[in-house]
Amino acid sequence: MVVDQPADVLAIIIKCINFAAVKHKYQRRKDPEKTPYVNHVIGVAEILTEEANVQDVEVIQAAILHDTVEDTDTSFDEIEAQFGVNVCQLVKEVTDDKSLPKAERKRLQVEHAAGSSPSAKLIKLADKLYNLRDLERVSPEGWAPERVQEYYEWAQKVVNELRGTNKKLEDSLDEIFKRHCTS
Ligand SMILES: Nc1nc2c(ncn2[C@@H]2O[C@H](COP(=O)(O)OP(=O)(O)O)[C@@H](OP(=O)(O)OP(=O)(O)O)[C@H]2O)c(=O)[nH]1
Ligand SMILES: [Mn+2]
């Protein structure tokens, strides 16, 4: 297939995918099949290109890298040195502070969502859409139905603060919330 794409864009994206694959190499998803974690970040990036029609390379880079600092030994300095200040800033915007208690982290996601940049909002929407589709497919190991339900309801609260960003993603998210949430 002939595509009109500068060679440097391809190299940049492959560098991100390789960086994420190396960093997440010991991490697995919580599904019973223990899917490689990197499938998630590649899937989030694909939602952005295929469904949200995002063409901003830095947004796709940040989507691929979005869980490296939160979930691995990667530092923001490393992201900035490898991928530049804009990508690093975006990754910062979508990174939870894992030193905080979980309830506080969840509360801060709702509180910070509306004040995020439009690019960070896109990544947050795609991340939630991927995780909610995954949750509809199969429950993570050890999650009781109540915990699954709490995730749907909390995700809806976050998404409510991200609205007006991308209609296609928001419509897809709303279809899921219609199936699982009361409001
Ligand atoms: N649905 C689903 N989620 C899984 C699976 N494996 C890992 N996860 C991750 O689990 C996180 C949600 O689980 P929680 O218990 O609420 O959060 P925690 O892992 O941060 O403590 C998500 O992290 P996150 O990317 O930081 O997103 P979010 O917490 O901001 O939504 C999601 O990516 C899986 O098999 N299914
Ligand atoms: Mn994620």
Side-chain angles (χ1 to χ4, degrees), residues 16-17 19-21 23-49 51-52 54 59-74 76 79 87 90-117 119-163 165-166 169-170 172-177 179-181:
C16 285
I17 294 171
F19 185 93
K23 290 295 190 174
H24 290 293
K25 74 176 172 181
Y26 297 119
Q27 200 184 350
R28 294 288 179 273
R29 297 287 287 172
K30 297 168 181 168
D31 59 331
E33 293 169 277
K34 300 183 171 49
T35 300
Y37 196 84
V38 74
N39 287 32
H40 164 64
V41 299
I42 295 170
V44 170
E46 200 208 42
I47 287 173
L48 291 172
T49 55
E51 300 180 51
V54 169
V59 174
I60 303 307
Q61 287 183 265
I64 296 164
L65 300 169
H66 83 269
D67 277 328
T68 53
V69 177
E70 192 173 304
D71 291 340
T72 78
D73 65 1
T74 308
F76 289 119
I79 298 283
V87 172
L90 270 178
V91 174
K92 261 184 202 158
E93 281 195 82
V94 299
T95 297
D96 284 356
D97 181 351
K98 280 275 183 96
S99 70
L100 297 173
K102 183 163 173 160
E104 177 72 353
R105 272 192 278 132
K106 296 273 160 195
R107 192 185 64 73
L108 285 174
Q109 275 209 34
V110 181
E111 196 177 298
H112 290 162
S116 309
S117 67
S119 297
K121 286 181 182 174
L122 277 170
I123 298 169
K124 284 170 190 258
L125 286 170
D127 190 22
K128 289 290 175 289
L129 183 53
Y130 186 103
N131 285 336
L132 291 164
R133 283 175 176 163
D134 223 8
L135 203 55
E136 282 197 319
R137 182 178 65 86
V138 60
S139 292
E141 279 191 322
W143 283 33
E146 299 72 35
R147 177 148 180 211
V148 172
Q149 185 59 31
E150 271 172 31
Y151 189 90
Y152 283 118
E153 286 170 17
W154 166 77
Q156 187 184 35
K157 283 189 200 151
V158 178
V159 168
N160 282 343
E161 301 298 320
L162 298 168
R163 290 186 188 281
T165 302
N166 183 280
L169 297 189
E170 289 160 44
S172 297
L173 284 156
D174 283 337
E175 286 302 315
I176 296 176
F177 296 139
R179 288 194 281 275
H180 301 280
C181 301

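None of the values given here were measured: they were computed from a predicted structure. Residue indices begin at 1 and follow the sequence shown. Counting convention: from 1, in listed order, for ligands and their atoms alike. FYI, side chains are in, hydrogens and waters are out, and symmetry mates aren't considered; it's all heavy atoms of this structure.
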Say you draw a straight line from CD of E33 to CZ of R137; how long is it, rounded to the nearest 0.5 Å?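 If I round to the nearest 0.5 Å, the distance is 5.5 Å.
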For the backbone of R105 and the side chain of D96, can you confirm whether one donor and one acceptor N or O come within less than 3.5 Å of each other?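 Checked: no pair found.
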By side-chain contact (heavy atoms from CB on, under 4.5 Å), which residues pair with A45, not counting sequence neighbours?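 Residues passing side-chain contact (heavy atoms from CB on, under 4.5 Å) with A45: I60, A63, I64.
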With D174 as reference, evaluate R179, R163, Q156 under the side chain to side chain donor-acceptor pair (under 3.5 Å) test and give the passing residue.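 Output: one option passes, namely R163.
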In terms of atom number and element, which parts of ligand 1 are under 4.0 angstrom from non-hydrogen atoms of R105?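 The atoms of ligand 1 under 4.0 Å from a heavy atom of R105 are 20 (O), 21 (O).
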Might you point out which heavy atoms bring E141 and P32 nearest each other, and give the distance in Å?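 In terms of heavy atoms, the two residues are closest at OE2-CA, 3.8 Å.
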With heavy atoms of Y37 as the reference, note each atom of ligand 1 found under 4.0 Å away.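 So the atoms of ligand 1 that pass are 25 (O), 33 (O).
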What is the minimum heavy-atom distance between L162 and E170, and which atoms define it?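 Answer, listing the atom of L162 first, then E170: O-OE2, 3.9 Å.
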Considering only non-hydrogen protein atoms, determine which one is nearest to atom 14 (P) of ligand 1 and report residue, atom name and distance to 0.1 Å.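 Nearest neighbour among protein heavy atoms for atom 14 (P) of ligand 1, to 0.1 Å: K102 NZ, 3.4 Å.
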With a 4.0 Å cut-off on heavy atoms, is W154 touching ligand 1?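 For ligand 1, residue contact (heavy atoms, under 4.0 Å) with W154 is present.
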Student check: side-chain heavy atoms of Y130 and E46 closer than 4.5 Å: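 No; the side chains remain at least 4.5 Å from each other.
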Region of V158 engaging ligand 1 - heavy atom pairs below 4.0 Å: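 For V158, there is no contact with ligand 1 at all, from either part.
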Flag, side chain of K121 to backbone of A114, donor-acceptor distance under 3.5 Å: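 Here the side-chain-to-backbone pair exists.
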For A52 and N166, which heavy atoms make the closest approach, and how far apart are they?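 Minimum heavy-atom contact is O-ND2, 3.3 Å.
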Side chain or backbone, does H66 bring an N or O within less than 3.5 Å of an N or O on ligand 1?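 There is no such contact.
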With a distance cut-off below 6.0 Å to the six-membered ring centre and an angular limit of 45° from the axis, does R29 pair with Y37 as a cation-pi contact?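 Flagged: R29 positioned over aromatic ring of Y37.
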Identify, by atom number and element, the atoms of ligand 1 in contact range of D31, meaning under 4.0 Å from any of its heavy atoms.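 In order of numbering, the contacting atoms are 35 (O).
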Below 4.5 Å, heavy atoms only, C-beta onward: do P140 and L135 meet side chain to side chain?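 Yes - at least one pair of side-chain heavy atoms lies under 4.5 Å apart.
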Is T165 close to K124 at the side-chain level, that is, under 4.5 Å between some pair of heavy atoms?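 Side chain of K124 against side chain of T165, heavy atoms only: no contact under 4.5 Å found.
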If we only count heavy atoms from C-beta on, is the Q149 to W143 side-chain gap below 4.5 Å?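 Sidechains of W143 and Q149: no contact.
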Not counting sequence neighbours, which residues clear side-chain contact (heavy atoms from CB on, under 4.5 Å) with K23? List them please.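 For K23 the side-chain contact (heavy atoms from CB on, under 4.5 Å) partners, ignoring immediate neighbours, are F19, T68, T72, D73, T74, E78.
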Would you kindly specify which portion of D127 sits under 4.0 Å from ligand 1, judged on non-hydrogen atoms: side chain, backbone, both or neither?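 It is the side chain that gets close, since no backbone atom is under 4.0 Å.
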Residue and atom, protein N/O/S, under 2.8 Å of the Mn ion (ligand 2):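 Listed by chain and number: H40 NE2, H66 NE2, D67 OD2, D127 OD1.
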If you count the atoms of ligand 1 from 1 in the order shown, which ones are under 4.0 Å from a heavy atom of Y151?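 Near Y151, the atoms of ligand 1 are 12 (C), 16 (O), 28 (P), 31 (O).
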Report the nearest protein non-hydrogen atom to atom 26 (O) of ligand 1: residue, atom name, distance rounded to 0.1 Å.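 Checked against all protein heavy atoms, atom 26 (O) of ligand 1 sits closest to E70 OE2, 3.0 Å.
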Can any side-chain N or O of E70 pair as donor or acceptor with the backbone N or O of T95 at less than 3.5 Å?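 Checking the backbone N and O of T95 against the side chain of E70, no donor-acceptor pair under 3.5 Å is found.
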Write out the residue and atom name of the closest protein heavy atom to atom 13 (O) of ligand 1, then the distance separating them to 0.1 Å.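 Heavy-atom neighbour on the protein nearest atom 13 (O) of ligand 1: K30 NZ, 3.1 Å.
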In the protein, what heavy atom is nearest to atom 25 (O) of ligand 1, and what distance, to one decimal place, separates them?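 Atom 25 (O) of ligand 1 sits closest to the protein heavy atom D67 OD2, 3.4 Å.
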So for E141, does at least one of its heavy atoms come nearer than 4.0 angstrom to any atom of ligand 1?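 No.
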Going by heavy-atom distance to atom 22 (C) of ligand 1, choose the closest among L132, N131, D134.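 The option holding the nearest heavy atom is N131.
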Per-atom contacts of ligand 1 with K128, taking only distances under 4.0 Å to non-hydrogen atoms: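 Those atoms are 28 (P), 30 (O), 31 (O).
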Checking contacts here: is it the side chain or the backbone of W143 that comes within 4.0 Å of ligand 1, counting heavy atoms only? Could be both or neither.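 Side chain only.
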To check your reading of the model: name the closest protein heavy atom to atom 3 (N) of ligand 1, its residue, and the distance in Å.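 Checking every protein heavy atom, the shortest distance to atom 3 (N) of ligand 1 gives R29 NH2, 3.4 Å.
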Sub-4.0 Å heavy-atom contact, R147 with ligand 1: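 Yes, that is the case, since the closest heavy atom of the residue is under 4.0 Å from the ligand.
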Starting from atom 29 (O) of ligand 1, locate the nearest protein heavy atom and write down its residue, its atom name and how far away it is, to 0.1 Å.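 In this structure, atom 29 (O) of ligand 1 has K106 NZ, 3.3 Å as its nearest protein heavy atom.
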Tell me, please: is Q109 in heavy-atom contact with ligand 1, that is, under 4.0 Å?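 Q109 counts as a contact of ligand 1 under the 4.0 Å cut-off.
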Who pairs with D127 by side-chain contact (heavy atoms from CB on, under 4.5 Å), at least two apart in sequence or on another chain?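 In terms of side-chain contact (heavy atoms from CB on, under 4.5 Å), with neighbours along the sequence ignored, D127 is linked to H40, V44, H66, N131.
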